[in-house]
Every structure is written in C-alpha cells, then in structure tokens.
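Please read all numbers here as calculations on a predicted model, not as lab measurements.
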Protein chains: 2
Amino acid sequence: MPKFLDSLPMILSRSLDRVMPSYRRLFQANDLTDQQWRVLRALWEKQHLTSAQISQITLLPPPSLVGILDRLEKKNLIGRLRSTEDRRHVHIIPTQKGRALMEHMMPMVEGIHDDFMQRVTESEWTEFNRILDKLSDPAEKRNLA
Amino acid sequence: MPKFLDSLPMILSRSLDRVMPSYRRLFQANDLTDQQWRVLRALWEKQHLTSAQISQITLLPPPSLVGILDRLEKKNLIGRLRSTEDRRHVHIIPTQKGRALMEHMMPMVEGIHDDFMQRVTESEWTEFNRILDKLSDPAEKRNLA
DNA sequence: TCGATTTACTTAATATATGAATTATTCATA
DNA sequence: TATGAATAATTCATATATTAAGTAAATCGA
C-alpha cells in the first residue's frame, strides 16, 4: 500500500521544494526568477540560441518562454535577432549587461551546486543518477538495454 | 565544472517532466489538474482536513490552495465547513461525488505507481530515497550551530 | 506555380506559484 | 480584562504553466 507521500511525484516535488530556496535567494538578490535564470544559464554555453533550442534545454514550454523572454528583453539582458538566412528563426542573444550578470552569478551558482555535491560521495551521486534514470526513463526507451 | 543539465534542480525537474505524463493522462480523463488530485488524494486517508493541513501534506502553498479549493468546490467535489470550536479553521470535506471519484481513480493511480516501482529493485528504491534525502535535506537543519 | 505541410513562434484562456499584505479570530500575559 | 502577539484563511499583484488554436515564413510535391 504505497503512501501518498512516498509516491515518485511527491518525493521529487518535495526535494525540489527543499533544493530551490538556496538558489532562489541568489536569483532574487539579482532580480531574476528561476526561469529567467534558466534561460540565461542556457545562453552561457552557447552564444546564441533559438527559442526552440532554449525551450528544449531549459524544459520551459514555448508559450511560457515568450513572456520570460519578453521580460528579459525589457530588462535589457537579452536581445532578439531574426535570422537573415532562415527568417523563421529568431536568435536569442545576451546583451553586454546580460553577459556581465551571468559572469557575476555563475561562480555563486556553482558554489551552491558544490555545496549540494559535498553532501554525498561521488559514487552515491553516480548511483543516484543511475536509479533516477531507470525510474523516469520515458516508457518507449525502457526495454532496450 | 558542473554542466547545467546535470545540476540538481534540472535533474529533478526533468525527472518530474518524465514521470508526470503517465499520471496526467488519468487526471485529465477525469477533468482534474495535478494539484486538484493532490488535494483529493490527501483527503483519501483522512475524512476531513483544514486548509493548513492540506497545504502541508500536498506541498501546495496556501495562496494557491485557495483557488484550487474554490474550483474543487465549484465542481461539487469538496465542501468547506468553518469550525465551530475555532472559527479560524475551515474543514475541507469531500462530497459524495468527490469520494466516488476518488474510489474510481485510486486503483489506477496505484497501478501507475506500481509500474514505476517495477523498474527498480526494492534495495535500489531504498538507496535512492536515502541519497535523495541526503541531497535535499533542508540546509537550515544541517548548519545549525 | 500552387496547395499542402512543416517549423517556429504567438495568442488566448484558465490554473498555479510566489511574496507581501489583510482580516478575523484566538492566545498569552501583564 | 485589555492589549499585543500569534494563527488560519484569504486576498492582491505579478510571473509562470498549460493547452489549444492561430499565424507567418519556408519547404516540398504534383
């Protein structure tokens, strides 16, 4: 008889609720929401991305992304640039201000991450990811390996 | 150098995104949102709860809960009853219709849960929970001087 | 060349999340 | 027994999620 609180969705939700405040304090100190940072963070590794790419990387649904990008643009942290080759694409590019903010925040974000990592051994972290993958793998891919 | 996609929030979010659709199909078939089911599910084990208790069990913040309860009440699945002893409390009670819906859905919800559990061994599940607890333990309780 | 399709994106409507503040009630205590 | 602190439920403003439907520019095929 699986208790409600021990169901997979509740366990994951509760963990997220416990993990996010550490990050959120930093985001708020820099006047960003969780999702706004997610977008900036995605642009850290690539210089420019289309909305669809950002959506895929950040897991934010495209309709949600519209408003998030609007607000980032209003804060002058990103710019939109329609591609000349394929004019269906819109490139999202961080501004100078946006890039400066990212460079300011990244070390602290990594610091928070490191704090969490110090709670477990490397093999625990590996094992954790392995089991979570088994648990949450999309059903289609499950019967392969 | 922790990759964005391997950060704890992203791992948990992605897993939730992969787990929820199985449940969501069932919820939608019964015209419920995730959160609305969470409230009903909490009422499965106790006959009546106050808003604050439901908030604590379901992890839904009180301001969100107000609207969720409003919509459940409008669908005639729950009722609100202000306590006579302490008139600050409001008891949330499932209606006949609400209870019937819960009894209809519970076996299927448990079936979905069992499907996920079959993906891992019992010791893997135990280990997973142990590590996740270490990872997401509230920071306040750890650094308490 | 024209219509069907695809891709990327936008809108609209409803539901939640978040943080701050409010209201009504109860509690604690001087 | 006043009076301030605490509590429960709620409201408010803003931001985001979710789904469905719609738009516009490119691509493809007959």
- Item | Phosphate-side-chain proximity, B:R80 and D:dT10, N/O vs OP1/OP2 below 4.0 Å | yes

- Picking from C:dA20, D:dT16, C:dT11, the nucleotide nearest the side-chain atoms of A:T33 would be D:dT16

- Message: Base, sugar-phosphate or nothing for B:V90? Non-hydrogen atoms, less than 4.0 Å.
- Response: sugar-phosphate

- Task: Describe the nucleic acid contact of B:Q53 in one word from base, sugar-phosphate, nothing, applying a heavy-atom distance below 4.0 Å.
- Result: nothing

- Message: Could you tell me how far apart A:I68 (CD1) and C:dT16 (P) are, to the nearest whole angstrom?
- Response: 19 Å

- Minimum-distance nucleotide to B:Q36 side chain [options: C:dC9, D:dA15, C:dT16]: C:dT16

- Message: Regarding A:D70 and A:R80, does a basic nitrogen lie under 4.0 Å from an acidic carboxylate oxygen?
- Response: yes

- Task: Give the minimum heavy-atom separation between A:S55 and A:L60, together with the two atoms involved.
- Result: OG-O, 2.6 Å

- Task: Send over the distance from B:M20 CE to D:dT19 P, rounded to a whole Å.
- Result: 11 Å

- Task: Using atom CD1 of A:I92 as one end and atom P of C:dT10 as the other, report the distance to the nearest whole Å.
- Result: 8 Å

- Earlier contact from the 5' end, DNA chain C, for A:L69 and B:G67: A:L69

- Task: Using whole Å, report how far CG of B:D86 lies from C1' of C:dT26.
- Result: 6 Å

- For the pair A:R119 and B:D137, evaluate salt bridge (Lys or Arg N to Asp or Glu O under 4.0 Å) and give the outcome as yes or no after the intermediate values. CA-CA 9 Å; A:R119 299 181 176 196; B:D137 227 23; 6.0 Å; no

- Task: Report the distance from atom CZ of A:F27 to atom C1' of D:dT16, rounded to the nearest whole Å.
- Result: 15 Å

- Message: From CZ of B:R82 over to C1' of D:dT7, roughly how many Å is that when rounded to an integer?
- Response: 13 Å

- Message: Using 30° and 60° as the class boundaries, would you call the ring planes of A:F116 and A:Y23 parallel, tilted or perpendicular?
- Response: parallel

- Ignoring the backbone of B:A52, work out which of C:dT10, D:dA17, D:dA9 is nearest its side chain. D:dA9

- Check the distance between D:dT14's P and A:D31's CG and give it to me in whole angstrom. 14 Å

- Can you find a donor-acceptor N/O pair under 3.5 angstrom joining the side chain of B:R88 to the base of D:dT7? yes

- Query: Considering every strand shown, what is the Watson-Crick or G-U wobble mate of C:dA30 when both distances are under 3.5 Å?
  - Reply: D:dT1

- Query: Starting at the 5' end of DNA chain C and moving along, which residue's nearest nucleotide shows up first, A:D34 or A:P62?
  - Reply: A:P62

- Side-chain N,O (B:R87) to OP1/OP2 (C:dA24) below 4.0 Å: no

- Message: For A:Q36 and A:K75, which I'm curious about, is there any donor-acceptor pair between the side chains at under 3.5 Å?
- Response: yes

- May I ask you to evaluate whether A:Q35 reaches the phosphate of C:dA17, defined as a side-chain N or O under 4.0 Å from OP1 or OP2? no

- Nucleotide nearest A:V66 when distance is taken to its side chain, options C:dT10, D:dA17, D:dA9: C:dT10

- Task: Send over the distance from A:L65 CG to C:dA8 P, rounded to a whole Å.
- Result: 14 Å

- Which part of the nucleic acid, if any, lies within contact of B:R38, taking any heavy atom under 4.0 Å across all strands shown: a base, the sugar-phosphate backbone alone, or nothing? nothing

- Query: What nucleotide among D:dT19, D:dT11, C:dT18 has an atom nearest to a side-chain atom of B:P61?
  - Reply: C:dT18

- Query: Quick one: is D:dA15 close enough that its OP1 or OP2 comes under 4.0 Å of any side-chain N or O from A:S64?
  - Reply: no

- Classify the nucleic acid contact of B:E85 as base, sugar-phosphate or nothing, counting any heavy atom under 4.0 Å across all strands shown. sugar-phosphate

- Message: A quick test of your reading: do over 12 heavy atoms of other residues, nucleotides or ligands sit less than 6.0 Å from CD of A:E103?
- Response: yes

